[in-house]
K.L.:
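Below is the structure I would like to discuss, written out as structure tokens.
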Amino acid sequence: MVLVRALVILGILGAGWSTRAYAQEPSLVDLYKLVAAQGEQIKLLTQELDATKAKLASTDADVKITEERLVSTVEFVEQQSTGNADGANWWDRTRVGGYAEVHYNNIDAEDDSRNKKETDIHRYVLYVNHEYNDRVRFFSELEVEHGLVKDTADGSNSGEVEIEQAFIEVDLNGNHQAKAGLFLLPVGILNETHEPNTFYGVERNNVESIILPATWWENGAAVSGQYASGISWDFAVHSGLEMPTSGSSSYRIRSGRQKSSNASAEDLAFTGRLSFSGVPGLQLSGAYQHQTDMSQEAGDGVGEGRLLTAHAIYNQGGFQLRALWAQWEIDGDLIGQAGADDQSGWYVEPSYRFALPTSNLFTAMGVYSRFEDLQGYREQDQFEQWEVGMNLWPTDNVVFKIDYRDRSHQVSAAQGRDFKAIDLGVGLQF
Amino acid sequence: MSFMQMRMIIGFITLCAALLCLPMAAAGAPAQADQVYINASTYVAERFAGEPPAQETLWPSSDLRTQLKNILGHAPSLRFKYWGAGGKTVWILDEIGKDRPITAGVTITDNRIEDVQVLVFRESRGWEVKYEFFTSQFANLWLDRDQQLSGKVDNITGATLSVKAMKRMAKAALLMHRATPQAQTTLADAR
């Protein structure tokens, strides 16, 4: 570049000299001075070029250093704001979350004395999970039901504080895990997945309350496996039910839950589940549970119990169909005479979920209908119920619900309990 | 304790021991941390037939960051690493399902999804998303004008949050691919 510029200057000077040649011939001394001046100029230009090159190299190095510093800063900022995916720090390996639901029930019963207008914070749950390392982790859930717990003289109290989960899970290998502690039993649809934004209806279905007493947790140990075919299995050994044999809750399955509180372990129970979810949108699952003594007491006329349950869930686009069936068979003379040895229930629930335009306050809306048939032991636990309703999600983890229920009992003595109800609810998880 | 209970407990312990020994018997070595199904460099090499190009970095523009935020539901990273050659880009992304990040590899070719694989799964539920019967649903999908996937990806009951995390990563990769020289190559070829 410098050479080109020098030649151009020489050319111009040369042209000027040839023009002047007509006027006055330059002397040899003049030419020498001219060449010397040009040499000096070339030397200056060369020095400037070297300086520029050095500066450019220095700038390149500075840019590289700045870029490296920028990347380091970005990585640091991202780690501070989102945590480390690899969980190098304990706080990256500890998660806090929860869910809650608040209900309003307006019940118009056949027997007016059973009418009810009520609002209730049904449950508020906080969970804390911690990963000790890639293979060992802890799960826990602490729940407050119905808003408060208080001491009363007669022991009456609608609220409860409960530990729903507290267990250690260990990866045995890529597809198998073992866990021990207090965990949710692998039965039904809602027992393990019951955050309010994941199901329809302000109140949970009755089959998974009266027959499958969800939320149902026990102390024990379990193993599970999952395979690429979509087949999975679970097997658990755990504390059993302690079903009352007298009083207003006699032979009521739900009242048999010991809730892991100084639970009798005289007679353990075993639960196995086999599921298939290898076709997207489809889940088929069946579970069997064996209770070695439903009342935890020998010779009281109540013996072994067997629970068999199956469910199917099918999704196609926004359409979903859920169906569940569950049945108990309980051995024993006394329970047989009472007619409580066979308790069952089923429900079917079609629904459709629409995505709403993004400009809308709500991102999705779902409508559903549910029919339930309950054959529990108590008169009030033998009924059919129709239900229709709607869920509105402003975001995936928040839901507003409205539904209408119509319950009809089969036993005439319980028909005063028939009701029609409108329910409102708000639920969330985080 | 009844004879039946003893049998069940002994059976349970035997089952645990058998499962614990399974990987050692198969591989002849103790089991490693098992949540990593395929490491990122192996995935990238596989997608480029063993000859991966140099890693590149995409610094999203303000407009792209806004679009990514709409898809992800949270502020996107300040920069994304990717590998690109011809009309193909490979992205390694993290998204939280319920509690923990799922790491997925997403390969985009000619603005369509060529492949999605879960590289690391850390969640307690939703194990189904790591298997091919789920991930194969993403093949050949593209991003439509509303920035939605062009076809349906069926949900998995009990794994909704993991499924949604996978969809977010697929959409983000399709969107970011458009901002790379590899997408421009494709457009130039199309013209």
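Throughout, protein chains are lettered first and strands after them, A, B, ... in sequence-line order, and every chain is numbered starting at 1.
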K.L.:
Can you see which heavy atom on A:Tyr227 is nearest to which on B:Trp127, and at what distance?
P.N.:
O-CZ3, 3.6 Å

K.L.:
Taking every non-hydrogen pair under 4.5 Å, which of B:Val163, B:Asn155, B:Ile156, B:Asp146 racks up the most with chain A?
P.N.:
B:Asn155

K.L.:
What part of A:Asp293 gets within 4.5 angstrom of chain B, counting heavy atoms only: side chain, backbone, both, or neither?
P.N.:
neither

K.L.:
Which region of A:Ile231, side chain (C-beta onward) or backbone (N, CA, C, O), has a non-hydrogen atom less than 4.5 Å from a non-hydrogen atom of chain B, or is it both or neither?
P.N.:
backbone

K.L.:
Applying side chain to side chain donor-acceptor pair (under 3.5 Å) to A:Ser277 and B:Glu128, what does each step give before you reach the verdict?
P.N.:
CA-CA 7 Å; A:Ser277 49; B:Glu128 290 93 338; 2.9 Å; yes

K.L.:
Give, for atom CG of A:Asn315 and atom NZ of B:Lys152, the distance between the pair rounded to the nearest 0.5 Å.
P.N.:
10.0 Å

K.L.:
Quick test of your reading of the model: are B:Arg125 and A:Glu192 salt-bridged, counting only N-O distances below 4.0 Å?
P.N.:
no

K.L.:
Return the CZ to CG distance between B:Arg79 and A:Leu70, rounded to the nearest 0.5 Å.
P.N.:
9.0 Å

K.L.:
Drop me the distance from B:Thr157's OG1 to A:Ile189's CD1, to the nearest 0.5 angstrom.
P.N.:
8.0 Å

K.L.:
Can you measure from CZ (A:Arg93) to CZ (B:Arg122) and round to the nearest 0.5 angstrom?
P.N.:
9.0 Å

K.L.:
How far does CG of B:Leu161 sit from CD of A:Gln429, to the nearest 0.5 angstrom?
P.N.:
5.5 Å

K.L.:
What do the steps show when you test B:Phe134 against A:Val279 for side chain to side chain contact (heavy atoms under 4.5 Å, CB included), and what is the final call?
P.N.:
CA-CA 8 Å; B:Phe134 173 76; A:Val279 175; over 6 Å; no

K.L.:
Measure the spacing between OG1 of A:Thr193 and NZ of B:Lys98 and express it to the nearest 0.5 Å.
P.N.:
9.0 Å

K.L.:
Please classify the contact between B:Tyr131 and chain A as side chain, backbone, both or neither, with a heavy-atom cut-off of under 4.5 Å.
P.N.:
side chain

K.L.:
Identify which of B:Asn70, B:Asp154, B:Val153, B:Thr57 forms the greatest number of heavy-atom pairs closer than 4.5 Å to chain A.
P.N.:
B:Asp154

